[in-house]
Amino acid sequence: MTVKTRIAPSPTGDPHVGTGYIALFNYCFAKKHGGSFILRIEDTDQSRSAPEYEQAIMDALKWLGVEWDEGPDVGGPSGPYRQSERKEIYQEHSDLLIEKGDAYRCFCTSERLDEMRKERLAQKMPTLGYDGRCRHLTPEEVQKNLDDGVPHVVRLKMPTDGDTIISDRLRGEIRYPNYQQDDQVLLKSDGFPTYHLANVVDDHLMEITHVIRAEEWIPSTPKHLRLYEAFGWEVPEFIHMPLLRNKDKSKISKRKNPTSLLYYKAIGVLPEAMRNFLALLGYSFGDDIEKFTLAELLEQFDIGRVSLGEPVFELEKLNWLNGLYIREMDPPELQKRLVEHLFNSEYLAKILPLVQERIERFDEFIPNNPYFFSSSVEYDPALLIGKKLTIGESLKALSELADVMDAQRIWTVESIEAMLRGFCEDTGVKPRSLFMPVRIAVSGRKASPPLFEMMDVLGKPICQQRMREAVSNLQQHKILVEREEKANS
RNA sequence: GGCCCAUUAGUCUAAUUGGUUAGGACGCUGGCCUCUCAAGUCGGUAGCACGGGUUCAAGUCCCGUAUGGGCCGCCA
């Protein structure tokens with residue numbers, strides 16, 4: 001048996017450290033066993049997927065040093081590798097299941113489902129999933145709905161008794177009682193598959209032998225097993241990796257942590273350090289060795305050495321590792337990489353038009369514009385309070401804007417201006433009140449080049465992080481102010 | 001609310017067939033080095049969540065409790 005693993009990211013956001021993390025382990029496992037590793041794009045959510053994100057994910061994985069043998073860009077024997085291009089395959093498989101009686105059409109509206117969920121949550125009912133209403137529709141009723149053009153989904157029929165046992169390489173056997181599994185949607189009303197169907201069908205057709213994915217998938221694995229069984233397919237081996245955590249131990253999230261690989265690249269984390277650091281989360285090299293190359297890791301890799309604790313994504317060790325890599329670098333190589341990173345001609349060419357009118361001598365170039373060269377900025381948090389706004393209003397605006405910024409797909413002067421002005425229209429906050437705090441947040445200065453141009457040059461990852469920092473700074477400032485007021489009254 | 005996963009210092013982890021003064025690293029901290037800082041180097045700090053069992057012997061096995069987390073979407 002040839003080992004085959006995959007990373008299956010969804011292009012719905014910036015390249016995530018978790019994707020890099022899981023990709024790294026899939027890659028190592030495949031290569032260690034002389035197998036292959038494939039990249040599959042899971043873009044079945046039409047409303048959220050975007051080609052820009054797909055490209056960014058591929059670039060980020062390459063940056064990390066994780067290379068795939070098959071994928072949308074390089075092709076391969078099991079293509080296409082983009083799920084949006086495999087729609088018919090899923091529909092055929094869905095039809096097959098309906099024919100065999102393992103799946104059924106469901107005509108329930110999302111409104112009804114929402115209401116049901118809310119009610120059950122309120123009543124603290126043990127099961128929150130689908131109640132199976134359409135499971136017992138007669139063929140005539142189904143036909144009538146179909147004839148009437150009622151939108152519908154296809155659901156998997158789960159067994160109502162017995163147990164499903166998941167076998168996990170790291171965790172042993174996990175037993176789930178079937179009665180509490182609801183009938184998962186396989187095909188959405190837009191004809192696209194959900195993760196569950198697409199994932200199982202593709203893993204089979206692409207001959208994936210080992211599914212290495214995050215822990216959050218454990219609860220839906222019984223559904224996947226049911227699908228393999230219904231199709232009569234051989235089940236791959238499951239390996240559920242621990243989930244990366246915020247400092248408060250919750251699942252890593254962009255509100256509490258920079259989660260974009262682009263950000264780490266932007267602040268000058270070396271890819272070899274990032275990869276080394278990611279490997280260290282949940283994995284130990286052995287022999288007390290903490291710094292190792294990809295080749296060294298591959299040499300001794302053993303998936304059984306993964307520990308199941310919940311690793312907190314803390315940057316101190318990353319910084320230390322990065323320093324180690326910098327110190328060992330040959331000075332010419334270091335110079336080359338530093339110039340590429342911070343003083344490349346493309347970057348300077350974007351900065352200069354903004355700075356040209358604002359300097360009188362070259363020696364002012366960097367000190368007058370430190371925000372272009374340093375990843376963090378410093379300022380008085382009180383400056384983040386917009387004109388005619390209270391602290392609370394400013395905080396709300398900046399925090400909401402940070403969310404809007406996260407979802408911004410295209411980062412150009414025009415799109416940034418549209419985003420900021422659109423935000424003002426949507427929220428009723430005046431540009432006069434908003435733009436200065438944003439300027440402070442991204443540059444730390446009251447006087448700076450024009451905001452949109454400056455944000456374009458700084459790039460999305462840096463602006464995002466500075467916005468998050470601003471929100472956090474203002475939050476702390478608010479607490480201080482409130483405490484003072486209390487003391488005075 | 002139900003189910004599931006996890007639990008070694010502030011953080012990442014070792015100890016993977018029960019036997020160690022529980023090891024390493026980051027961080028923090030002290031000394032040395034040194035024109036300063038950093039780096040380097042030598043030291044220090046701090047841990048088996050708790051309670052029961054099994055055993056000559058438990059971080060390790062079993063049970064319970066607690067804590068943290070995940071999932072319960074026409075998201076993935």
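Labels below follow one simple rule: chain letters A, B, ... track the order of the sequence lines, proteins then strands, and each chain is numbered from 1. Only a predicted model underlies this, so the values are computations on that prediction, with no experimental measurement involved. Side chains are part of it too, since the values below use all heavy atoms of this structure and drop only hydrogens, waters and symmetry mates.
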Please work out if A:Y176 contacts a base, only the sugar-phosphate, or nothing of the nucleic acid, heavy-atom cut-off 4.0 Å.
-> sugar-phosphate

If you look at every strand shown and take non-hydrogen atoms under 4.0 Å, does A:T44 touch a base, only sugar-phosphate, or nothing?
-> sugar-phosphate

When we call it a touch if two heavy atoms are under 4.0 Å apart, what does A:T127 touch: a base, just sugar-phosphate, or nothing?
-> nothing

C1' gap between B:G24 and B:U17, integer Å | 24 Å

Rounded distance in Å between the P positions of B:C12 and B:A49 = 14 Å

Side chains of A:Y195 and A:D45: do they bring a donor and an acceptor to under 3.5 Å?
-> no

Could you walk me through whether A:T293 and A:E272 pass the side chain to side chain contact (heavy atoms under 4.5 Å, CB included) test, one step at a time?
-> CA-CA 7 Å; A:T293 63; A:E272 52 267 54; over 6 Å; no

So what does A:E314 touch, heavy atoms closer than 4.0 Å: a base, only the sugar-phosphate, or nothing?
-> sugar-phosphate

Applying a 3.5 Å limit to both distances, which nucleotide forms a Watson-Crick or G-U wobble pair with B:G30?
-> B:C42

Would you classify A:V185 as touching base, sugar-phosphate or nothing, given that sugar-phosphate means primed atoms plus P, OP1 and OP2, and contacts are heavy atoms under 4.0 Å?
-> sugar-phosphate

Would you kindly check whether a donor in the side chain of A:E310 faces an acceptor in the base of B:G68, or vice versa, at under 3.5 angstrom?
-> yes

Within the structure shown, what part of the strands sits under 4.0 Å from A:E42 by heavy-atom distance: base, sugar-phosphate, or nothing?
-> sugar-phosphate

Mapping A:I174 and A:W320 to their closest nucleotides on RNA chain B, which lands nearer the 5' end?
-> A:I174

NA contact type, A:G286, heavy-atom cut-off 4.0 Å: base, sugar-phosphate, or nothing?
-> nothing

Touch check for A:R48, heavy atoms < 4.0 angstrom, all strands: base, sugar-phosphate only, or nothing?
-> base

Could you tell me whether A:R305 contacts a base, only the sugar-phosphate backbone, or nothing, with contacts defined as non-hydrogen atoms closer than 4.0 Å?
-> base

